[in-house]
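Beneath this line is the structure, given in structure tokens, with notes to follow.
Quantities reported herein were computed from a predicted structural model and do not represent experimental measurements. We use all heavy atoms of the structure for the numbers below, so side chains are in, but hydrogens, waters and symmetry mates are not.
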Amino acid sequence: MSKLDEFLSKSKIDPRRLLAASKKVEALRDEDRSIKLAKKRAKAGKASDAEKERATEKGRSGKAVTPPMLRKAREGAKLTGPGKQRILRAVNHVLTTKKSDPVTLADLF
């Protein structure tokens with residue numbers, strides 16, 4: 001049993017709820033699309049000063065936690081850093097809906 005699996009059972013969080021929360025949190029929004037467009041224009045050299053400033057911002061990835069990724073994390077297998085961060089954001093989103101304090105990466109992995 002991994003630390004993540006123990007935490008989920010202790011906090012009474014259903015893994016399916018994590019998948020749904022991750023899909024909601026990581027979904028691309030209009031501001032993320034505008035950041036991507038600004039980065040594309042800045043790279044081509046066609047950007048204004050405002051777009052160049054906008055291009056330095058960081059948007060969402062648009063990639064949610066997948067069932068195989070969550071299964072690997074619960075088994076204690078190795079995960080990439082971005083995968084761990086996505087799981088962390090999903091867990092913290094569920095915890096804030098439950099009115100609990102957010103956790104850190106060290107608490108889960």
Side-chain angles (χ1 to χ4, degrees):
M1 234 175 140
S2 68
K3 283 175 76 173
L4 176 66
D5 206 28
E6 291 174 10
F7 181 81
L8 293 178
S9 62
K10 183 184 78 163
S11 300
K12 297 179 182 173
I13 298 175
D14 188 5
R16 294 174 296 181
R17 189 168 180 193
L18 275 184
L19 295 174
S22 176
K23 189 173 182 179
K24 181 180 179 183
V25 169
E26 298 294 332
L28 286 177
R29 297 191 179 104
D30 289 337
E31 60 264 16
D32 303 316
R33 291 185 185 92
S34 68
I35 291 171
K36 284 187 177 189
L37 179 63
K39 285 182 183 181
K40 189 176 183 180
R41 286 187 179 167
K43 188 175 180 181
K46 301 176 185 176
S48 65
D49 291 335
E51 284 182 329
K52 286 179 183 176
E53 186 177 317
R54 182 91 171 143
T56 60
E57 295 178 17
K58 180 131 173 86
R60 291 170 189 80
S61 66
K63 298 176 183 178
V65 175
T66 61
M69 182 191 306
L70 188 57
R71 181 182 39 80
K72 285 180 186 177
R74 292 182 68 196
E75 291 172 353
K78 289 191 174 192
L79 287 177
T80 62
K84 290 178 186 178
Q85 287 294 325
R86 285 185 222 137
I87 292 172
L88 175 69
R89 281 192 293 268
V91 167
N92 282 335
H93 181 75
V94 171
L95 288 175
T96 54
T97 59
K98 290 181 136 190
K99 296 185 170 94
S100 297
D101 294 329
V103 295
T104 63
L105 195 61
D107 295 334
L108 300 180
F109 297 100

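Around CD of Glu53, the count of heavy atoms belonging to other residues, nucleotides or ligands within 6.0 Å does not exceed 12. For Lys12, the NZ atom is loosely surrounded, since the number of other residues' heavy atoms within 6.0 Å does not exceed 12.
Judged purely by atom type and a 3.5 angstrom limit, Ser9 uses its side chain to pair as donor or acceptor with the backbone of Asp5. In this structure, Thr96 contributes its side chain and His93 its backbone to a donor-acceptor pair below 3.5 Å. Here the side chain of Lys3 pairs a donor or acceptor atom with the backbone of Ala106 at under 3.5 angstrom.
The shortest distance between side-chain heavy atoms of Ile87 and Leu79 falls below 4.5 Å. The shortest side-chain heavy-atom distance between Ser61 and Arg86 falls under the 4.5 Å cut-off.
The shortest heavy-atom contact between Ala90 and Ala21 is O-CB, 4.1 Å. Nearest heavy-atom pair across Ala73 and Ser2 is O-OG, 3.1 Å.
Classification of Asp30 and Arg33 as a salt-bridged pair holds, one side-chain N sitting under 4.0 Å from a carboxylate O. In summary, Arg54 and Glu57 engage in a salt bridge, as defined by a charged side-chain N under 4.0 Å from a carboxylate O.
In this structure, Lys63 NZ and Met69 CE are separated by 9.0 Å, a value rounded to the nearest 0.5 Å. For the atom pair CG of Asp101 and CG of Asn92, the computed distance is 10.0 Å after rounding to the nearest 0.5 Å. Rounding to the nearest 0.5 Å gives a distance of 8.5 Å between CZ of Arg60 and CG of Leu28. One distance of note links NZ of Lys24 with OG1 of Thr97; it measures 8.5 Å at 0.5 Å rounding. We find the CG-CD distance between Asp32 and Glu26 to be 9.5 Å, quoted to the nearest 0.5 Å. The CG atom of Leu105 sits 10.5 Å away from the CZ atom of Arg89 when rounded to the nearest 0.5 Å.
In terms of hydrophobic clustering, with Ile, Leu, Val, Met, Phe, Trp and Tyr side chains grouped at heavy-atom distances under 4.5 Å, Leu19 and Val91 are assigned to a common cluster. In the hydrophobic clustering of this structure, Val25 does not group with Ile35; members are Ile, Leu, Val, Met, Phe, Trp, Tyr whose side-chain heavy atoms approach within less than 4.5 Å, directly or through other members.
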Can you check side chain to side chain contact (heavy atoms under 4.5 Å, CB included) on Val65 and Leu18, steps first, answer last? CA-CA 8 Å; Val65 175; Leu18 275 184; over 6 Å; no
